[in-house]
S.K.: 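The structure is given below, and queries will be raised subsequently.
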Amino acid sequence: MGKAVRLDRFLADSGAGTRTEVKKLIQKGMVQVNGEKAKKPELKIDPETDVVEFGGERIGARAEFVYYLLHKPAGYVSATEDTREKTVLDLVPKDGRRNLFPVGRLDKDTEGLLLITDDGQLAHRLLSPKKHVDKTYFAVTEGKVVPEDIEKIRLGVDIGDEEPTLPGKLEILRTWKEDADRKNVEGESGAVIANSNAAGHKADTEGCIWRSEILLTIHEGRFHQVKRMMEAVGKKVIYLKRISMGALTLPDDLPKGKARELTPDELAALKCENS
């Protein structure tokens with residue numbers, strides 16, 4: 001036996017409407033409990049054993065927390081509200097009774113995986129420096145990333161803070177040269193990159209600019225950390241996308257700007273990793 005609760009409160013907590021709205025539904029005979037029309041909003045029910053139906057559908061207890069995996073596009077700020085900018089909460093289902101927030105932040109021009117939830121304890125564990133949760137980014141740089149940069153990142157670099165960064169893992173996917181006069185470039189990632197000259201880098205003697213595609217895994221969440229780490233080794237990040245965070249990986253079939261709830265397996269893996 002579970003704890004008995006008022007029918008109107010159960011319906012409101014399950015998302016059927018406000019307390020006032022669900023009281024009206026009950027009074028109109030639109031709610032059934034165990035196959036019979038409920039007559040009073042104050043009727044006590046057991047959510048674990050009683051069957052509550054509205055509009056022909058069974059109403060379940062509201063989940064304690066919700067977890068959305070968002071494929072963040074550029075142009076949105078990682079905030080709960082902003083008077084001037086669009087926020088990532090504009091991209092997830094609306095639920096006025098939940099205090100949703102992004103777990104960590106991605107810069108306005110950064111794309112990729114972002115977890116949106118109302119589970120403060122899980123968010124704290126994911127963001128705690130003591131947990132060293134891996135965060136992997138795909139990036140395109142101006143300037144040729146070389147093996148020596150891998151070693152520097154592995155040891156940690158000075159990005160102007162009181163302490164150097166924790167060791168990171170850098171992987172070079174490919175490097176190439178391109179004509180500095182080209183207006184835009186579309187790399188293997190499908191990202192359209194701005195003109196090189198506009199970014200402030202000079203071409204070599206052949207009139208070309210080096211670019212690299214990399215993967216960078218870090219364990220912290222400092223301000224502009226990926227960009228500052230690559231600047232510390234003489235490279236400029238011109239495209240950035242987070243592809244994983246802990247046990248979560250950005251799905252290939254999740255379109256940019258779309259969100260979906262975590263699957264039970266994803267949620268279990270995330271909680272197990274950070275327990």
Side-chain angles (χ1 to χ4, degrees), residues 71-72 74 104-107 109-114 126-127 129-252 273:
H71 187 167
K72 179 190 175 297
R105 67 186 303 275
L106 294 178
D107 294 339
D109 61 349
T110 300
E111 302 177 357
L113 184 154
L114 189 62
L126 285 170
L127 298 175
K130 296 180 180 180
K131 289 292 184 179
H132 291 184
V133 174
D134 285 354
K135 292 177 278 288
T136 299
Y137 296 80
F138 169 86
V140 180
T141 69
E142 278 191 351
K144 185 179 182 180
V145 181
V146 295
E148 288 82 355
D149 297 329
I150 296 177
E151 180 64 11
K152 291 176 182 177
I153 295 295
R154 187 186 69 81
L155 296 174
V157 292
D158 181 0
I159 61 173
D161 293 341
E162 292 183 0
E163 298 288 339
T165 65
L166 292 176
K169 179 182 178 182
L170 175 63
E171 179 182 351
I172 304 170
L173 300 180
R174 72 178 184 119
T175 60
W176 72 98
K177 287 198 297 185
E178 64 187 38
D179 188 338
D181 292 329
R182 293 176 65 184
K183 297 300 182 184
N184 294 287
V185 174
E186 184 170 347
E188 290 181 352
S189 64
V192 177
I193 317 289
N195 175 273
S196 299
N197 293 329
H201 276 227
K202 296 180 179 180
D204 62 16
T205 55
E206 299 176 353
C208 294
I209 286 182
W210 280 99
R211 296 189 188 277
S212 295
E213 288 184 350
I214 63 170
L215 293 179
L216 177 60
T217 300
I218 61 175
H219 319 287
E220 303 170 280
R222 303 192 199 184
F223 183 67
H224 293 326
Q225 182 168 346
V226 171
K227 297 174 183 177
R228 293 163 69 196
M229 288 178 74
M230 295 312 299
E231 286 176 0
V233 296
K235 314 302 181 295
K236 181 181 179 68
V237 172
I238 52 178
Y239 174 75
L240 188 60
K241 179 179 184 178
R242 183 158 66 191
I243 59 175
S244 68
M245 180 180 185
L248 294 181
T249 299
L250 185 66
D252 293 333
E273 179 183 53

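Source: prediction; values computed, not measured. We count residues from 1, following the sequence as given.
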S.K.: In chain order, what residues pass the side chain to side chain donor-acceptor pair (under 3.5 Å) check against D158, with sequence neighbours excluded?
M.R.: none
S.K.: Specify the closest pair of heavy atoms between D149 and V233, including all atoms of both residues, with the distance to one decimal.
M.R.: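 The pair with the smallest heavy-atom distance is OD1-CB, 3.6 Å.
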S.K.: Over all heavy atoms of both residues, which pair between V157 and K152 is shortest? Give the atoms and the distance, please.
M.R.: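 In this case the closest contact between V157 and K152 is CG1-O, 3.5 Å.
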S.K.: Can you confirm whether E220 sits close enough to T165 that some side-chain heavy atom of one is under 4.5 Å from a side-chain heavy atom of the other?
M.R.: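 Result yes, sub-4.5 Å side-chain heavy-atom pair found.
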S.K.: Is it true that D107 and K227 have a side-chain N and a carboxylate O under 4.0 angstrom from each other?
M.R.: yes
S.K.: Check the pair K235 / I214 against side-chain contact (heavy atoms from CB on, under 4.5 Å), numbers first and verdict last.
M.R.: CA-CA 11 Å; K235 314 302 181 295; I214 63 170; over 6 Å; no
S.K.: Looking only at heavy atoms, which two atoms of V226 and V237 are closest? And how far apart?
M.R.: O-CG2, 4.3 Å
S.K.: Less than 3.5 Å apart, any donor N or O on the side chain of S244 or T249 sitting next to an acceptor on the other?
M.R.: no
S.K.: List the atom of L216, the atom of M230, and the distance in Å for their closest heavy-atom pair.
M.R.: CD2-SD, 4.3 Å
S.K.: With a 4.5 Å limit on heavy-atom distance, are the side chains of W176 and E213 in contact?
M.R.: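 Of all side-chain heavy-atom pairs linking E213 with W176, at least one is under 4.5 Å.
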S.K.: Say you draw a straight line from OG1 of T141 to OH of Y239; how long is it, rounded to the nearest 0.5 Å?
M.R.: 14.0 Å
S.K.: For R228 and F223, work out which heavy atoms get closest and say how close.
M.R.: NH1-O, 2.8 Å
S.K.: How many angstroms lie between CE in M245 and CG in L127, if you round to the nearest 0.5 Å?
M.R.: 5.0 Å
S.K.: Which atoms form the tightest heavy-atom contact between R154 and P167, and what is the distance?
M.R.: O-CB, 2.8 Å
S.K.: Mind checking what makes salt bridge (charged side-chain N to carboxylate O under 4.0 Å, His left out) contact with E171, not counting sequence neighbours?
M.R.: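 Residues passing salt bridge (charged side-chain N to carboxylate O under 4.0 Å, His left out) with E171: none at all.
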